[in-house]
Amino acid sequence: MPKQQRTEAQWSELLSRERLARQELETIKRSLEQEREFLNAMLENLSDGIVACDEKGILTIFNRATREFHGLAESPLPPDEWARHYRLYHPDGKTPLETSEVPLYRALRGEVVRDAEILIAPVDKPHRLMLCNGQPIITKNGEQLGAVAVMHDISDRKAAERAIEHLAYYDSLTQLPNRHFLHERLKSALRNNEISGRQGALLFIDLDNFKTLNDTLGHDLGDLLLQHVARRIVDCLRQDDIVARIGGDEFVILLEDITDSPGLIEKNVTSIANKIINAFTPAFELKGYEYYSTPSIGITLFDGRHESVDDLLKRADIAMYQAKAAGRNTIRFFNPQMESMVTMRVAMESELRTAVDRKEFTVHYQPQVDTHKGVYGIEALVRWQHPQRGLVSPADFIPIAEETGLILPIGDAVLETACQQLREWSELPCYGDLSISVNVSAHQFRNPAFVDRVSALVNRHAVKPDRLKLELTESLLLENVEEAVAKMNQLKAHGVDFSLDDFGTGYSSLAYLKRLPLEQLKIDRSFVHDVLTDANDAAIIRTIIALGNSLGLDVIAEGVETEAQRDFLVANGCSCYQGYLYSRPLAIEQLSMLLQF
Ligand SMILES: Nc1nc2c(ncn2[C@@H]2O[C@@H]3COP(=O)(O)O[C@H]4[C@@H](O)[C@H](n5cnc6c(=O)[nH]c(N)nc65)O[C@@H]4COP(=O)(O)O[C@H]3[C@H]2O)c(=O)[nH]1
C-alpha cells in the first residue's frame with residue numbers, strides 16, 4: 001500500500017507532541033536532579049555514616065559522617081587513596097578486619113548484615129567504634145544494583161559502659177579491682193580448680209593501726225597511704241595475680257593457680273607474703289610525713305572442692321586476725337581450730353555487751369609495797385563476774401573490749417570505782433595516804449572526752465588528785481607522742497599522776513621519756529620473772545632503775561613472786577614492788593582485812 005502522505009496538520013500535531021514529551025522529560029530530569037540534591041543534602045547532614053557501592057563494588061556514596069569517621073573530613077585525596085589513611089579492626093582493636101569482612105562488601109555478597117561492630121583507626125586521629133548494618137540493593141526483577149551500609153558511632157556509649165563497668169568492678173581510690181570483682185574471679189577460680197585439681201591461695205591483708213593514722217593525720221593522708229600500699233603490693237606480684245581492695249584498709253590477693261608440688265605450695269605462698277611484708281619496710285612518704293606501716297596477713301589455700309567464696313574469705317579473714325593477735329606485721333595460715341576460737345570470740349563479744357548493761361564487772365586490788373613504808377599504793381584490776389563462768393581474767397576480755405570499744409564503759413566503771421574507793425579511804429585516817437593505780441587502755445586515752453571525764457570524776461568524788469595514778473603503756477604513748485604529752489599535761493595540771501606500765505617492752509627513747517610528765521616507771525613482770533636466770537633481763541632491770549633515778553622517777557617492779565627476786569631489786573636500788581610475794585589481787589573485803597594487819 002502506498003505510504004500515506006501526512007498532512008500539515010498531522011505534522012504540526014506530531015511536533016507539538018514531541019515538544020510536550022521533551023518538556024516532560026526536562027521536568028522529570030529537573031525533579032530527579034532536585035531529588036538527588038535533596039538526598040545528597042540529607043546524606044551529608046546525617047550523623048550516621050552511609051556508604052554504598054555499585055554491583056562492581058565501586059563506591060557510589062561515602063557521606064560526610066563516614067569521611068569524618070575515617071579521618072578524611074578535609075582530605076583533598078582522591079577516593080582511591082583513602083584506604084591508606086585508616087585501618088579497620090575487629091572491636092578488640094588488635095585483629096585487622098579483612099576486606100571481605102567489611103560490612104559493605106558482605107552486603108554486596110548478598111548478606112544482610114546486622115549490628116556488626118568494627119573499629120575505624122584513622123592515622124593520627126582518635127579511633128571510633130562503629131555499629132554497622134548493611135544489605136544488598138536488589139530490584140523487583142531480582143537484579144543486584146549494589147549494596148549499602150549504615151554505621152553508627154558507638155564509641156561514647158561504649159566508653160560510658162566501660163566507665164560504669166569500671167565503677168562497678170574497680171575501687172576508685174586505688175584503681176584496684178573491688179570486692180565485687182574479686183567475688184566473681186574467686187567463683188570462677190574455684191570452679192576451674194575443682195576441675196583441674198590445682199591449688200590456689202587467698203591472702204587477706206589488713207594494715208596495722210590504720211585507724212590511728214586516719215584519726216591523727218586525717219583521711220587525706222590515710223587515702224594517700226592506701227594508694228601507695230596498693231602500688232607496693234601490686235609490684236610484689238605477677239601480672240595474672242589479682243589484688244583487690246575490698247574495704248577500708250583491707251586488701252585481698254588471689255593466686256589462682258599455684259603449680260608447685262603440694263609440699264612446696266605453702267612455702268611458695270609464704271615467700272610471696274614475706275615479700276609483701278618486706279615491701280612495707282621503707283617509710284611511706286605522705287606529703288612530707290615519713291610514715292611506717294605494717295601489714296597483718298591471713299592466708300588460706302583452696303582447691304575448689306566443697307568451698308564457697310564466702311567461706312574462703314572468712315577463713316583468710318580469721319587467719320588475718322590471728323596474725324594481728326600474734327603481734328601484727330606477720331602472716332598466719334588458716335587452720336580449722338581458728339574457726340572455733342572465732343566462734344568463742346563472737347560469743348564472748350555478745351556476752352561482754354550484756355555484761356556492760358548488767359554491770360557484771362568488779363574491781364580487785366593488788367597492794368604495792370615499799371620496803372621502808374610498807375603498802376603505799378594499790379593497783380585496781382578489773383574482773384568480770386560472769387554468771388556461768390565465774391571470775392573471768394582481764395587478759396581474756398580486755399583485748400575484745402578494746403577492739404569493740406566496750407573498754408570505754410568498762411574503763412569508766414573502773415575509774416569511778418577507784419575514785420569512790422579513794423573517797424572512802426580518805427575518811428579513814430590509816431588509809432588516807434594510799435594511792436590507786438588504774439590501767440588506761442589506748443581506746444580510752446584516745447577518746448577526746450578522756451581528760452574531762454577523769455577530772456569530772458575526781459571532782460565529783462572530791463578525791464585528792466595525786467592519789468589517782470593512771471597507768472599508761474609505752475605503745476599507747478608512742479602512737480602519737482604529741483597528743484599524749486598534751487593530754488597528760490592537762491591532767492597533770494589537775495594534779496593526776498602517771499605511771500609508765502610494762503616498761504622495757506616498747507621502744508621508749510630517752511628524748512621522749514623526758515617530755516612525759518611521769519611519776520613512775522613500772523618494770524614489766526616478764527623481766528622480773530627471769531631476773532635470776534637471764535643475764536639480759538637482769539641488765540635491763542638495772543638499766544631501767546638507773547634511767548628512773550636519772551630522770552627523778554619512782555621505779556616499781558611488778559610480778560615479784562620470790563624473795564630472791566625482791567632481794568635482787570632491793571640490791572639494785574628498786575625498793576617498790578608489786579606481786580604475789582606480798583599479795584595477789586584481792587576483793588575489797590579481803591584487801592581491807594589485809595590492810596588492818
Ligand atoms: N604472774 C604474776 N602475775 C602477777 C603478779 N603480780 C601481779 N600479777 C598480775 O599482773 C597483772 C598486772 O597488771 P597489768 O600489767 O597492768 O596487766 C593488766 C592490764 O593490762 C589489764 N587490765 C586489768 N585491769 C584493767 C583495767 O581496769 N583497765 C584496763 N584497760 N586494763 C586492765 O589486764 C592485764 C592483766 O591483769 P591481771 O590478770 O589482773 O594481771 C595483773 C596481776 O594479777 C605476780 O607476782 N606474778
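Numbers here are sequence positions counted from 1. In listed order, ligands and their atoms are each counted from 1.
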Chemist: Applying a heavy-atom cut-off of 4.0 Å, say which part of S393 lies close to ligand 1: side chain, backbone, both or neither.
Modeler: side chain
Chemist: Flag V382 as yes when one of its N or O atoms lies below 3.5 Å from any N or O atom of ligand 1, and as no otherwise.
Modeler: yes
Chemist: Within the structure, is a non-hydrogen atom of G411 found at a distance of less than 4.0 Å from ligand 1?
Modeler: no
Chemist: Nearest non-hydrogen atom to atom 5 (C) of ligand 1 belongs to which of Y580, Y582, F361, F397?
Modeler: Y580
Chemist: Using a 4.0 Å cut-off to any heavy atom of P585, which atoms of ligand 1 qualify?
Modeler: 43 (O)
Chemist: Side chain, backbone, both or neither: which part of E558 comes within less than 4.0 Å of ligand 1 when only heavy atoms are counted?
Modeler: side chain
Chemist: Just to confirm my output: which protein heavy-atom neighbour is closest to atom 35 (C) of ligand 1, and how far is it?
Modeler: P394 CG, 3.9 Å
Chemist: Does the cation-pi check pass for K487 over F450, that is, NZ or CZ under 6.0 Å from the six-membered ring centre and within 45° of its axis?
Modeler: no
Chemist: Could you pull out all residues at least two apart from D412 that satisfy salt bridge (Lys or Arg N to Asp or Glu O under 4.0 Å)?
Modeler: R453
Chemist: Between ligand 1 and E379, can you find any atom pair, the residue atom being a heavy atom, that is separated by under 4.0 Å?
Modeler: yes
Chemist: Quick one: do F527 and F503 satisfy ring pair (Phe, Tyr, Trp, His ring centres under 6.0 Å)? Show the steps, please.
Modeler: CA-CA 10 Å; F527 302 119; F503 191 68; 8.9 Å; no
Chemist: In the complex you have, is atom 1 (N) of ligand 1 within reach of the protein, judged by whether a heavy-atom distance drops under 4.0 Å?
Modeler: yes
Chemist: Indicate, as side chain, backbone, both or neither, the part of Q366 found under 4.0 angstrom from ligand 1 when only non-hydrogen atoms are considered.
Modeler: side chain
Chemist: Check each atom of ligand 1 against the heavy atoms of E561 and keep those under 4.0 Å away; list them by number with element.
Modeler: 1 (N), 2 (C), 44 (C), 45 (O), 46 (N)
Chemist: What part of D501, side chain from CB on, backbone N/CA/C/O, both or neither, has a heavy atom under 4.0 Å from ligand 1?
Modeler: side chain
Chemist: Could you tell me whether some N/O pair between Q578 and ligand 1 is separated by less than 3.5 angstrom?
Modeler: no
Chemist: Using a strict cut-off of 4.0 Å, indicate which atoms of ligand 1 neighbour a heavy atom of V414.
Modeler: 27 (O)
Chemist: Using a 4.0 Å cutoff against the non-hydrogen atoms of I398, which atoms of ligand 1 qualify?
Modeler: 29 (C), 31 (N), 32 (C)
Chemist: Looking only at heavy atoms of R383, does any of them come nearer than 4.0 Å to an atom of ligand 1?
Modeler: yes
Chemist: Any idea which part of L381 is under 4.0 Å from ligand 1, heavy-atom wise: side chain, backbone, both or neither?
Modeler: both
Chemist: Which one of Q444, R525, H364, E471 has a non-hydrogen atom at the shortest distance from atom 17 (O) of ligand 1?
Modeler: R525
Chemist: Using a strict 4.0 Å cut-off to heavy atoms of V560, name the atoms of ligand 1 that fall inside it.
Modeler: 45 (O)
Chemist: Is it true that R315 and E339 make a salt bridge, defined as a side-chain N closer than 4.0 Å to a carboxylate O?
Modeler: no
